[in-house]
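One structure is given here, and the rest of the page talks about it.
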Amino acid sequence: MDNIILELEKTQIKEDASTFEVGDFVRVEYLIKEGKNERVQPFLGQVIRFAGHGVRKTFTVRRIVQGEGVERTFPLHSPRVVNVKVDRGPNRKPRRAKLFFLRGRTGKSAQL
Amino acid sequence: MTKKFLLARKRGMTQVFREDGTVVPVTVLQAGPCTVTGLRDKSRDGYRAVQLGLTPARDKHVAKPQRVAAEKAGVKPFRILREFRVDATDGYEVGQELTAETFEVGDIVDVSGRSKGRGFAGTIKAHGFARGNETHGSHNVRQPGSIGQCATPSRVFKGQRMPKHYGNERITVKNLVVERIDAERGLILVRGGVPGHPTSLVQIQTAKTGGEK
């Protein structure tokens, strides 16, 4: 790709961004607007995929809310994503990069 | 509002984050630096325009008429020369340099360039026709279909859309917004796509319609 574009993208990339991996249970701190105020809204769950690269990299977090699976995709380098804390790692290291097989599974079979 | 204009080369596309986190798709344009190489005058030339040069060239790369014109004007010869029509040439002088800072963030601009050539393209690519069945014994996959009626009118109407040479023509994308300016590197980032392949020449000018912020 064009060098100038890579340089431009580099200025927007958070260097401390990739401290977590697929399978980790994370707490994503996301800035939301409530009226005029801004506050951090956490989203807890398991990282099931990374997609894209460079400034366009995103990750998807899956959790179960009231028995219903919920997935949210965040742009990794977005200024809205304030912090991603790793709660705990997976029980076993996942053998694949995308954990889509967790969808439709519950309880013990949804473990790695 | 005076008209602003500049020559640029397309570098490619990327995305930028605004402060509020909005993701904006942008085209990166390497703009200028351009030199004013000539002015066109109503009384002498019949129209008013400013001629800009991009990319300085060695003498041997420039045809004699252009080389002599540059010598007479007292500027370096350029690989690329383009004229921009203006209402008045006041404020422009031969030899003056224009950079990316000509434009401001928030300016609404039209960007013209030469679109990517597609060669001799069928009706699907060129006009967005529907495709036929690929299965059930159909051989009518990318055919144009019927092109008219029968004995009446026993001819094909003018303007019937058919396969044609597609692309490689001048396209203007109107009302793009300048998202960011990088004066240091001479870059203009406009929201949205711009015709042509990376490195192709584009002309940026204040939008014909609107132009207001």
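By convention in this document, chain letters (A, B, ...) are assigned in the order of the sequence lines, proteins followed by strands, and residues within each chain are numbered from 1. Hydrogens, waters and symmetry mates are skipped; everything else that's a heavy atom, side chains included, is used.
Heavy-atom distances place the side chain of B:Arg180, and not its backbone, under 4.5 Å from chain A. With a threshold of 4.5 angstrom between heavy atoms, B:Asp182 approaches chain A through side-chain atoms but not through N, CA, C or O. For a residue to count as touching a neighbouring chain, one of its non-hydrogen atoms must lie under 4.5 Å from one of that chain's; by this rule B:Gln30 touches chain A with the side chain only.
Ring geometry for A:Phe59 against A:Phe20 counts as perpendicular: the plane angle is over 60°, on a 0 to 90° scale with 30° as the lower cut.
Residues B:Lys116 and B:Asn168 form no side-chain contact, since every pair of their non-hydrogen atoms from C-beta on lies 4.5 Å or further apart.
Of the possible polar contacts, none joining the B:Arg191 side chain to the B:Leu176 backbone as a donor-acceptor pair under 3.5 Å is found.
In this structure, a donor-acceptor pair under 3.5 Å is present between the side chains of A:Thr60 and A:Arg49.
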